[in-house]
Amino acid sequence: MNNAPYDLRIDSGGDEFAVSGPAPRLSWRPPSDAGRPAEYELECTVGGVPQPAVTTAPGRHRFLPWPWAALGSGQRVAWRVRAADTEGSSPWSRWNTFEAGLLDEDWQARWISPAESGDDPGYGKRPAYTLTTRFQARSGVRSARLYATALGVYEAYVNGERAGSAELSPGSTSYDRTLYAQASDVTAAVRAGGNRIEIIVSDGWYRGRVGAFRLPAGWGTVLAARAELHITYEDGSHQVVRSDETWTSTRSAITRADLMDGQSTDFRAEPGAEQPVLVDQVQAPAIDWSPGPPVHVVAARPAESVKQLEEALWIADFGQNASGWITLSDLGPAGTRTVIDYGEHLGPDGDLATAHLDSVRPGEEPIPFVQRDEVVSGGRGERFEPRHTVHGFRYARIRRDGAPLDPASLTMRVVHSDLRRTGTFVCGNGDLNRLHEIAAWSFRGNAVDVPTDCPTRERLAWTGDYQVFAPTATRLYDVLGFSRKWLRSVRDDQLPDGRIANFSPDGRRIKHHLDDQFAMMTGSAGWGDAIVSVPWELYESYGDREVLAENWKAMVRWVERALVTARTARHQSRIERSADPLPHEQYLWDGSFHWGEWTEPKAKAADGTRIDPIKADPVAWFMADKGEIGTAFLYRSTSMLARVAQVLGRTDDAARYAEVAERVRDAWRTEFLTPDGRTTGDTQAAYVRALAFGLVPDELRGASAARLVDLIRAAGTRLGTGFLATGHLLPVLADTGHADVAHELLLQRTAPSWLYMVDRGATTIWEDWEGVDENGDAHDSLNHYSKGAVIRFLHTHTLGLRQAPGSVAWESFEVAPVPHPSLTWVRGTHESPQGTITVEWQTTGEELTLTVDVPSATTARVVFPDGTTETATTGTFRATRPLAKGALRGRT
């Protein structure tokens, strides 16, 4: 082996350097020229002290348990690895370094809170506060680390220099049970003599507004921060500065800060008299270190155009719907007020339009959607960057009286979790490339520390959305740490009876308000099932067994709750059919609330107006029989739980849940499937779900798939699926011999379709299939990533790259492209745990040439459209085969 292992990592996050707990797991990728699984030798120093060398079992290179003594607070680690087999050793990898954070038991700092005035202006209107201390330092500083966290959103500064680069710290968590801290290297900021630490803290996720109806978060009512600065001098001595009663509090120049509504800053504002901080006014969970990546400013975009609508009013178009904020470098003379409103759409008059994002409750006035930042210039050349809020937008309306606006002073800062890209796709069809791009943008815009539904109206981490998109996310980005962090909140918010909250972190804290009406709408199939399906997707994609273990109890509680509900609650239609339950009904999950398929294409009235079934008759929608959906997901989660149990060595549980899954499947077939392969609901979504989940017997799959095609043709070759089934639609068609129909839907240009979005200028995926209608009017969110799950089909079928059945972490994979006449070439890559996989194919006449780069110690099965197969091993595989007659219609 001439190449070294590479991509050494630990399973923790961090801002400018990786930060771990006491025993991080170690991972790396094998040498690119390793022909078979090798043993690995590891070397390590902790605090500069060499540790005993460690040798792993052959092939063990993922999530190696920490093999040395548990780390102490602040210890710095360097480690490297090399492969070894009977032919010799590889070169050593590069050294990888990280630090242990300040562990919870070692924190001595006190929680300090600002001295807030008694006239609380209310939610969305509160200022941010500055907490300050001063200290003396000697010369000869070797290193300085600031450890900090908050109940609220905070920024920290040492002598005016910002600590770290993470945004919106400490992030979105279920604050009653989980709190993460951040570590920053502030060595360069500490100077000999007098020094100052400032922490600016605002409401954030902790007590700000949340959700479509701008309800106050219920985590707490008092802001607080906790910080320790650890200084090490060249002579080996140490100094610690901690938050305590000696710190002071003042109002900051940020006069209003809310994550949803926006931020106001007055650079003329005087800080006022310093007041003593309040000490230990809060209760907080133990401090931990996040497994997820930080939120960063990941890109900066200038305005593509700035148009003046009228005197003192401009519209800026940044060309891309995204999550973030605007920085403004020219604030005008002292006293100049600039107001920035953010949105996703422009109306016919060219002005910002946001009414489509207003929230409406039956019988109540709409709650207007507002994202507004304001800044008043101090006349000293300040730069405005509103870091205590975040917005979803493409356009900004800027109003300024008395001073011109320099378009060059506007910059969009794109802000989201700093996810590492792991998958690419490009082909000869520009429309599909654009679709892939806007779906990826849509996910990124909704990956602000947690996977939200939209970055505007609700900005909540709905479980259903990520359940739908997670299998696509794993093809685009490394989302393991990001997802593990979110799943901890899902577990934190689980209700006492096992139900999973609709969204997590759940600022409404439904687990403590079971009499709330929303609690009745908690525990839906397709939403709560995320606690099972997301960990399983992570395990299959990354090979992380621990993600199954840490979610096992929550999975069991969820599935058992659903099984109990199936046994004890019946839908009214079945009660009317038979006073006593039929034998199979004990496995029908039909007697509790389900959101259902959700956002299916809306029917239209005779005058062309769209009919919303929920608004038209909410009672009928609420009471409708959704047992087909509930029982289908109960089968999938129960059978998946059996597989999880098998992986975890729980053989009795595996056998029991496998048997229960069969009973649920049989009950579904008895109730919802006719002998000729039709579903009783007879909708596109029902057939897609039944075929994707394996509910239809093999002998009826052809008939069910044919009926699905009939329904698609009857709709004018347009899809009729909604939230839950759309991601499975094209794969189901292709895998049942109808790839031609799948491609017709993929390339359909009239609504409902994906290319309708592309043709209407979408830069992110819409919530509604007609997010911008033919009249140019917007509907619902224009950045709602779930329907973007279609691009997984581009990876798994168009490109043809997927894991082999039973494979974990891409130890083996298949390449089975499904070509189409509209495509002459496709190329894609995937950064797998084994190494980089590259697939490229092109057609010339009646032949297809396929090239595959196979990582080390990995095998691939290559399936050509003419039906021939080949086995490819480490290295580059290339072959040309004929496009057999009928090959373009897909695989059976």
Side-chain angles (χ1 to χ4, degrees), residues 427-436 438-439 597-605 608 610-611 677-679 681-692 696 701-760 762 765-774 779 786-794 796-798 817-823 826 865 886-892:
C427 68
N429 184 314
D431 290 332
L432 296 184
N433 292 338
R434 182 61 182 150
L435 174 63
H436 192 277
I438 70 174
E597 180 60 19
W598 201 248
T599 66
E600 289 169 290
K602 292 182 174 66
K604 293 187 178 180
R610 302 168 348 126
I611 301 172
R678 291 198 175 193
T679 65
D682 201 35
T683 64
Q684 288 187 31
Y687 289 105
V688 170
R689 188 163 27 253
L691 292 164
V696 180
R701 285 181 65 84
S704 294
R707 179 56 183 164
L708 170 61
V709 171
D710 289 344
L711 292 174
I712 292 169
R713 294 299 189 198
T717 312
R718 294 180 181 85
L719 56 81
T721 53
F723 190 87
L724 294 176
T726 293
H728 298 290
L729 174 60
L730 302 190
V732 159
L733 287 168
D735 292 344
T736 56
H738 301 285
D740 54 342
V741 182
H743 283 101
E744 287 182 64
L745 290 176
L746 179 62
L747 300 172
Q748 174 65 258
R749 310 202 81 95
T750 57
S753 70
W754 294 279
L755 293 191
Y756 177 83
M757 299 185 199
V758 172
D759 289 343
R760 300 294 296 170
I765 298 294
W766 299 337
E767 179 179 11
D768 189 279
W769 285 110
E770 295 183 69
V772 178
D773 63 26
E774 295 292 344
H779 303 277
S786 60
K787 292 183 175 69
V790 65
I791 66 170
R792 182 177 172 86
F793 177 82
L794 300 179
T796 59
H797 289 74
T798 306
V818 181
H820 186 265
S822 66
L823 291 172
V826 178
L888 300 187
R889 289 199 294 272
R891 299 178 292 118
T892 56

Straight-line distance of [X] [atom1] to [Y] [atom2], nearest 0.5 Å:
X	Y	atom1	atom2	value
Leu719	Leu733	CG	CG	10.0 Å
Thr796	Asp735	OG1	CG	7.5 Å
Leu730	His797	CG	NE2	9.0 Å
Lys787	Thr721	NZ	OG1	8.5 Å
Ile712	Leu745	CD1	CG	5.0 Å
Thr798	Ile791	OG1	CD1	11.0 Å

Apply the test side-chain contact (heavy atoms from CB on, under 4.5 Å) to residues Leu746 and Val790: give CA-CA distance (whole Å), side-chain angles for both, the deciding distance (0.1 Å), then the verdict.
-> CA-CA 8 Å; Leu746 179 62; Val790 65; 4.2 Å; yes
Is a side-chain donor or acceptor of [X] paired with a backbone partner of [Y] at a separation under 3.5 angstrom?
X	Y	answer
Asp768	Thr599	no
Gln684	Arg718	yes
Thr717	Arg713	no
Ser704	Gly677	yes
His436	Leu432	no
Tyr687	Arg678	no

May I ask you to say whether Glu770 pairs ionically with Arg760, meaning some side-chain N is under 4.0 Å from a carboxylate O?
-> no
Minimum heavy-atom distance between [X] and [Y], given as atom pair plus value:
X	Y	answer
Gly716	Gln748	O-NE2, 3.7 Å
Pro731	Gly727	CD-O, 3.7 Å
Ser753	Thr750	OG-O, 3.1 Å
Ser822	Leu747	OG-CD1, 3.7 Å
Ala706	His738	N-NE2, 4.3 Å
Leu823	Gly428	CD2-N, 4.2 Å

Please lay out, stage by stage, how Leu724 and Trp598 fare under the test side-chain contact (heavy atoms from CB on, under 4.5 Å).
-> CA-CA 7 Å; Leu724 294 176; Trp598 201 248; 5.8 Å; no
Can you find a side-chain donor-acceptor pair between Arg701 and Thr736 that sits under 3.5 Å?
-> no
Per the ring pair (Phe, Tyr, Trp, His ring centres under 6.0 Å) rule, which among Phe793, Trp769, Trp766 passes with Trp754?
-> Trp769
Residues Asp431, Arg749; criterion side-chain contact (heavy atoms from CB on, under 4.5 Å); working and verdict | CA-CA 10 Å; Asp431 290 332; Arg749 310 202 81 95; 2.9 Å; yes
Side chains of His743 and Val818 in contact at under 4.5 Å (non-hydrogen atoms) = yes
